[in-house]
Trainee: 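Before I ask anything, let me first share the structure, which is written out below as structure tokens.
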Amino acid sequence: MLLSGKTAFITGGSRGIGLAIVKRFLEEGANVALCGSRQETADKAVETIVAENADARVIGLSPDLTDEAAVEQAMRETKEHFGGLDIVVNNAGISQSTALGDYAPEDFDRVVDVNIKSVLNGCQAASRLLEAGGVILNTSSMVSKNGQPSGVGYPMSKFAVNGITVSLARELGPRGIRVNAVAPGVTATDMVAALPEEMIKPIADAIPLKRVGQPEDVANAFVYLASDLASYVTGDVLHVDGGMTV
Ligand code: NAD
């Protein structure tokens, strides 16, 4: 198993890509603290996982990700509970598709808070608690390469995630902490999976591998980057998008 005995703290772990990361990390032998936006959703995700595998070493937390002290406290709880902390995954995020003329200032604030400040807070708290060999992983997006036709706040935030990732790889590398990001393409989480086939097909047709991604496709990249297989990889943004941004 690739993550045997490691402890991971994963934000946005209650559903979608984050939940797939949680499940794959557990399969690879990790202990996991998953974070949801509310304690209820975190508890529900833990319940579902434990119902499938009673031996899963998983707890649910719900810190306010925009509050660095709260995030650090949740990581300390994780460290105490499992006896260590090795991997922090800053995955929680929201998307936006608002046209530029319709943007309200609070729309920009919201995407900056959830997609940028939360990632920065997670990195800062992690930098205080991780030791040499520690790993920080951030969720970027394919839009961090070419932008998107509407909703400038979302690509703006993911370009920032890439900037945080490459910069902190340089700052934390000398301490033996690796920092990488995964940039998913169109991935079949609840939102995408709910779209009718006639909407999915043209999207899939535009992708070189001719299908949208599954959360597990993305989660596998996180497993690789979290594991010792990637021991000499830092500052990378790994695109997992079926070739969409080639
Ligand atoms: P999702 O909506 O299914 O899950 C988002 C997760 O983030 C949930 O667990 C939610 O609780 C958490 N979250 C959202 N707002 C939060 C807040 N204010 N505080 C705390 N937690 C909050 O979305 P997803 O598709 O699984 O997206 C996960 C990540 O992947 C995001 O960063 C997203 O930008 C990125 N991404 C998704 C796709 C895609 O096609 N699904 C593509 C590229 C990148």
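We count ligands from 1, going down the list as the structure has it; atoms in each ligand are counted the same way. We number each residue from 1, following the sequence as shown.
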Trainee: Can a protein heavy atom be found under 4.0 Å away from atom 11 (O) of ligand 1?
Mentor: yes

Trainee: I'd like to know whether Asp241 forms a side chain to side chain donor-acceptor pair (under 3.5 Å) with Thr245, so could you lay out the CA-CA distance, the side-chain angles of the two residues, the decisive distance to 0.1 Å, and finally the verdict.
Mentor: CA-CA 7 Å; Asp241 59 11; Thr245 54; 2.5 Å; yes

Trainee: Which one of Val111, Thr189, Asn90 has a non-hydrogen atom at the shortest distance from atom 25 (O) of ligand 1?
Mentor: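 It is Thr189 that holds the nearest heavy atom.
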
Trainee: Which residue from Ala42, Ser157, Ser118, Pro184 reaches closest to atom 43 (C) of ligand 1 through any of its heavy atoms?
Mentor: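 Shortest heavy-atom distance from atom 43 (C) of ligand 1: Pro184.
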
Trainee: Minimum distance, heavy atoms only, to atom 5 (C) of ligand 1: which one of Gly18, Gly93, Pro63, Gly13 is it?
Mentor: Gly93

Trainee: Using distance alone, with no hydrogens and no angle criterion, decide if Thr66 and Asp113 have a side-chain donor and acceptor under 3.5 Å apart.
Mentor: no

Trainee: Is it the side chain, the backbone, both or neither of Val114 that has a heavy atom closer than 4.0 Å to ligand 1?
Mentor: side chain

Trainee: For Asn31, give me all partners under side chain to side chain contact (heavy atoms under 4.5 Å, CB included), at least two apart in sequence or on another chain.
Mentor: Thr7, Arg57, Phe82

Trainee: Applying a 4.0 Å heavy-atom criterion (strictly less than), which segment of Leu65 is in contact with ligand 1: side chain, backbone, both, or neither?
Mentor: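 Within the 4.0 Å criterion, Leu65 contacts ligand 1 through side-chain atoms alone.
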
Trainee: I'd like to know whether Asn180 forms a side chain to side chain donor-acceptor pair (under 3.5 Å) with Asp236, so could you lay out the CA-CA distance, the side-chain angles of the two residues, the decisive distance to 0.1 Å, and finally the verdict.
Mentor: CA-CA 5 Å; Asn180 290 291; Asp236 195 32; over 6 Å; no

Trainee: Is the number of heavy atoms from other residues, nucleotides or ligands within 6.0 Å of CD (Gln39) greater than 12?
Mentor: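 Yes, because the 6.0 Å sphere around CD of Gln39 holds more than 12 heavy atoms from other groups.
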
Trainee: Transitively linked via ILVMFWY side-chain contacts under 4.5 Å: Val179 with Val135?
Mentor: no

Trainee: Would Lys23 and Ile49 satisfy side chain to side chain contact (heavy atoms under 4.5 Å, CB included), going step by step from the backbone distance to the final call?
Mentor: CA-CA 8 Å; Lys23 289 183 174 175; Ile49 291 166; 4.3 Å; yes

Trainee: Identify the protein heavy atom lying closest to atom 3 (O) of ligand 1, giving its residue, its atom name and the separation to 0.1 Å.
Mentor: Arg15 NE, 3.2 Å

Trainee: For Thr165 and Asn138, run side chain to side chain donor-acceptor pair (under 3.5 Å): C-alpha distance rounded to whole Å, both residues' side-chain angles, the deciding distance at 0.1 Å, then the answer.
Mentor: CA-CA 7 Å; Thr165 302; Asn138 300 322; 3.1 Å; yes

Trainee: Just distances here: any N/O of Gly36 and N/O of ligand 1 closer than 3.5 Å?
Mentor: no

Trainee: What I want to find out is whether Asp67 reaches Lys117 closely enough, with some N-O distance under 4.0 Å, to be called a salt bridge.
Mentor: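 Answer for the salt bridge query: no.
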
Trainee: Under 4.0 Å from any heavy atom of Gly16, which atoms of ligand 1 are there?
Mentor: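 So the atoms of ligand 1 that pass are 3 (O), 26 (O).
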
Trainee: Which of the numbered atoms in ligand 1 are under 4.0 angstrom from any heavy atom belonging to Ser37?
Mentor: 11 (O), 19 (N), 20 (C), 21 (N), 22 (C)

Trainee: For Asn162 and Ser140, run side chain to side chain donor-acceptor pair (under 3.5 Å): C-alpha distance rounded to whole Å, both residues' side-chain angles, the deciding distance at 0.1 Å, then the answer.
Mentor: CA-CA 7 Å; Asn162 294 1; Ser140 179; 2.7 Å; yes

Trainee: Give yes or no for whether the N/O distance cutoff of 3.5 Å, strictly under, is met between Thr139 and ligand 1.
Mentor: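 Not met; the criterion fails.
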
Trainee: For the pair Arg24 and Glu28, find out whether any cationic side-chain nitrogen is under 4.0 Å from an anionic carboxylate oxygen.
Mentor: yes

Trainee: Show the atoms of ligand 1 that are less than 4.0 angstrom away from any heavy atom in Ala92.
Mentor: 7 (O), 12 (C), 13 (N), 21 (N), 22 (C), 32 (O)

Trainee: Hey, looking at atom 42 (C) of ligand 1, which of Gly185, Ser141, Ala188 has the closest heavy atom?
Mentor: Gly185

Trainee: Relative to the heavy atoms of Tyr154, which atoms of ligand 1 are at a distance of less than 4.0 Å?
Mentor: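 Contacts of ligand 1 toward Tyr154, numbered from 1: 33 (C), 34 (O), 35 (C), 36 (N), 43 (C), 44 (C).
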
Trainee: Only heavy atoms of Ile94, strictly under 4.0 Å: list the atoms of ligand 1 that pass.
Mentor: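 Counting from 1, the qualifying ligand atoms are 15 (N).
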
Trainee: Taking only heavy atoms of Val186 into account, list the atoms of ligand 1 that are under 4.0 Å away from them.
Mentor: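 The atoms of ligand 1 under 4.0 Å from a heavy atom of Val186 are 40 (O).
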
Trainee: Is there at least one pair of N or O atoms, one from Asn91 and one from ligand 1, spaced under 3.5 Å apart?
Mentor: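 Yes, there is a polar N/O contact under 3.5 Å.
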
Trainee: Decide, yes or no, whether a salt bridge links Lys79 with Glu72 under the criterion of side-chain N to carboxylate O below 4.0 Å.
Mentor: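 The answer is no: the pair does not qualify as a salt bridge.
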
Trainee: Under 4.0 angstrom from ligand 1, any heavy atom of Ser14?
Mentor: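 The answer is yes, since Ser14 has a heavy atom less than 4.0 Å from ligand 1.
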
Trainee: Checking contacts here: is it the side chain or the backbone of Ser140 that comes within 4.0 Å of ligand 1, counting heavy atoms only? Could be both or neither.
Mentor: backbone

Trainee: Please list, in number order, the atoms of ligand 1 under 4.0 Å from a heavy atom of Ile17.
Mentor: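 In order of numbering, the contacting atoms are 26 (O), 30 (O), 37 (C).
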
Trainee: Under 4.0 Å, heavy-atom basis, I'd like to know which part of Met142 is in contact with ligand 1: side chain, backbone, both or neither.
Mentor: neither

Trainee: Give the residue, atom name and distance (to 0.1 Å) of the protein heavy atom nearest atom 40 (O) of ligand 1.
Mentor: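 The answer is Thr187 N, 2.9 Å.
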
Trainee: Measure the distances from the heavy atoms of Arg38 to every atom of ligand 1 and state whether one is below 4.0 angstrom.
Mentor: no

Trainee: Could you check whether any side-chain N or O of Lys210 sits under 3.5 Å from a backbone N or O of Asp205, counting only pairs where one atom can act as donor and the other as acceptor?
Mentor: yes

